[in-house]
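Quick note: numbers below take in every heavy atom, side chains included, and nothing from hydrogens, waters or symmetry partners.
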Amino acid sequence: MTVTIRGYGMWTAAGHDGPSTVAAMRAGVSGAERANLWDYSVGENLSAFRVAAHQWWEGSSFVPYLIAPVIGECWDRLPELGIDNSADVPILINIAPKDRPARNKTLERIVINTLPILTERPLPPGSTVVSAGRVGLPYLLAKTQALRQPSAILVGAESFLQQSIADHYAEQQRLFNRLNSSGFTLGEAAAALIVSSGAHPGLQITGMGHGNDSSVAGGNKDTPVDGSGLTDAMRMALADADIQFYDITVSMADLNGEHFKFKEHAVATMRLDRLPPEKRSRRPREHLEHWNVIETIGETGAAHMFAACGWAYQAGRSGYLPGRVMLSAGEDDGQRVALVAEWSDG
């Protein structure tokens, strides 16, 4: 069953709303700057992707403050889509998984209790919070279909900007610094999508897939990175969309700077990509294009796929999306997900 993205909102280190963030993504502008997060492994402060808030603090209580503006951005868009009563549109929120380091055990309750105060209205019936991290968007899309509501607002939000989180990943040698090129840069963001069931003008999600990789985060000598979980997820999404990989023109993966992410994606792509029957590429530039939101907004975990969809939506709306898109992501526990999307004018 097709689901259509009809609008979006974002708050990232690169912009205070969706269009400004997407403009930065398209231009390749980075929102990183030196932060007050100490990396003991090199003895200097880390760079990080921090939102430009009037008042900023670290910790779980800041997450609802990330989410509220992007919900408001989507509410402002609803009348243009013929949705007059925002109180009837459920809000489904994806946050950090329960095993994320330094995560508050009551984060779900903090989000549910704080958002009505910030938005000055109760959450609509059917609203919920899931803790699925980077792989949460397909689960929210499935929940949207189960609700049998014509439209919903889906939100992904996470902040990695805590010293305890930095310490954890520094100890695992997973942070990018002058001594480690195989690492990511901490970030924070919230991104929201307005979705409607069925085919509408907008970015249509035509395929979803999932897999599980035994190598988890980076693998080891016993379970090396082999890309099997991501391959399964991408293959399932292609089958669901009833297309082949040579019909995909843009890849939007969670390539965050860690070498295993690039290896995993390259292996999965090589397993699936073939020449079409006419023996020449169908892609406008004759190769698969890679669009990377992390270069602009950093490692944002639960917000990543939502932000990527926002960029793809705006690209389709503005006329520069060259064709079908494959979006993919993976969590540290081995879960892998993939989506196929394409723009439709109606």
Applying the side-chain contact (heavy atoms from CB on, under 4.5 Å) test to Leu115, which of Val63, Val155, Ile93 qualifies?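 Testing each of Val63, Val155, Ile93 against Leu115, the sole residue satisfying side-chain contact (heavy atoms from CB on, under 4.5 Å) is Ile93.
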
Is there a donor-acceptor pair under 3.5 Å between the side chain of [X] and the backbone N or O of [Y]?
| X | Y | result |
| --- | --- | --- |
| Thr296 | Val29 | yes |
| Ser20 | Asp17 | yes |
| Thr4 | Arg6 | no |
| His16 | Ala13 | no |
| Asn45 | Asn36 | no |
| Thr114 | Val111 | no |
| Asn94 | Ala302 | yes |
| Thr249 | Gly323 | yes |
| Asp232 | Gly211 | no |

Working for side chain to side chain contact (heavy atoms under 4.5 Å, CB included), residues Val129 and Ile95: CA-CA 7 Å; Val129 176; Ile95 56 176; 3.6 Å; yes

In plain terms, say whether Glu286 and Arg282 are close enough for a salt bridge, that is, a side-chain N and a carboxylate O under 4.0 Å apart.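 No, no charged N to carboxylate O under 4.0 Å.
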
If you look at every heavy atom in [X] and [Y], which pair is closest and at what distance?
| X | Y | value |
| --- | --- | --- |
| Ala303 | Gly156 | CB-O, 3.4 Å |
| Ala48 | Leu37 | CB-CD1, 4.4 Å |
| Pro322 | Val250 | CG-CG2, 3.4 Å |
| Arg336 | Gly330 | CD-CA, 3.6 Å |
| Trp291 | Ala315 | CZ3-CB, 3.7 Å |
| Ser86 | Arg121 | OG-NH1, 2.5 Å |

Hey, are [Y] and [X] close enough side-chain-wise for a donor-acceptor pair under 3.5 Å?
| X | Y | answer |
| --- | --- | --- |
| His265 | Ser251 | yes |
| Thr12 | Thr21 | yes |
| Asn177 | Asn180 | no |
| Glu188 | Trp56 | yes |

Cluster partners of [X], using ILVMFWY side-chain heavy atoms under 4.5 angstrom, listed by chain and number?
| X | value |
| --- | --- |
| Met326 | Leu230, Met234, Leu238, Ile243, Phe245, Ile248, Leu272, Leu288, Val340 |
| Phe260 | Val225 |
| Leu255 | Phe262 |
| Tyr246 | none |

Return the set of residues passing side-chain contact (heavy atoms from CB on, under 4.5 Å) with Asp345 (not counting sequence neighbours), or none when no residue passes.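 Asp345 satisfies side-chain contact (heavy atoms from CB on, under 4.5 Å) with Trp343 only.
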
For Pro150, all residues meeting side-chain contact (heavy atoms from CB on, under 4.5 Å), sequence neighbours excluded: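 Pro150: no side-chain contact (heavy atoms from CB on, under 4.5 Å) contacts found.
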
Which salt bridge (charged side-chain N to carboxylate O under 4.0 Å, His left out) pairs, counting each pair once, include a residue from [range], with sequence neighbours left out?
| range | result |
| --- | --- |
| residues 100-114 | Lys98-Glu108, Arg100-Glu158, Arg100-Glu331, Arg103-Glu108 |
| residues 250-263 | Arg174-Glu258, Asp254-Lys261 |
| residues 38-50 | Glu44-Arg178 |
| residues 51-79 | Arg77-Glu80 |

For the pair Phe160 and Tyr169, name the ring-plane relationship: parallel under 30°, tilted 30 to 60°, perpendicular over 60°.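 Ring orientation, 0 to 90° scale: tilted.
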
Within this structure, what is the [atom1]-[atom2] distance for the pair [X] and [Y], rounded to the nearest 0.5 Å?
| X | Y | atom1 | atom2 | value |
| --- | --- | --- | --- | --- |
| Ile294 | Met25 | CD1 | CE | 10.0 Å |
| Arg283 | His287 | CZ | NE2 | 9.5 Å |
| Glu342 | Leu203 | CD | CG | 8.5 Å |
| Asn256 | His304 | CG | NE2 | 9.0 Å |
| Leu186 | Leu175 | CG | CG | 5.0 Å |

For Arg148, what residues pass the salt bridge (charged side-chain N to carboxylate O under 4.0 Å, His left out) criterion, not counting sequence neighbours?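 Arg148 satisfies salt bridge (charged side-chain N to carboxylate O under 4.0 Å, His left out) with no other residue.
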
Applying side chain to side chain contact (heavy atoms under 4.5 Å, CB included) to Thr300 and Phe49, what does each step give before you reach the verdict? CA-CA 9 Å; Thr300 58; Phe49 292 81; 6.0 Å; no

Checking Ser47 against Glu33 for the side chain to side chain contact (heavy atoms under 4.5 Å, CB included) test, could you report, in this order, the C-alpha distance in whole Å, the side-chain angles of both residues, the deciding distance, and whether it holds? CA-CA 5 Å; Ser47 291; Glu33 59 183 19; over 6 Å; no

Any side-chain hydrogen bond (donor to acceptor under 3.5 Å, both in side chains) involving residues 60-70? Give me the pairs, sequence neighbours left out, ordered by first then second residue.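 Matches after skipping sequence neighbours: Trp57-Ser61.
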
Applying side chain to side chain contact (heavy atoms under 4.5 Å, CB included), run through Glu264 and Asp213 and close with a yes or a no. CA-CA 10 Å; Glu264 183 180 48; Asp213 204 300; 3.4 Å; yes

Decide if the gap between the ring center of Phe184 and the ring center of Phe176 is smaller than 6.0 angstrom.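 That pair fails the under 6.0 Å test.
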
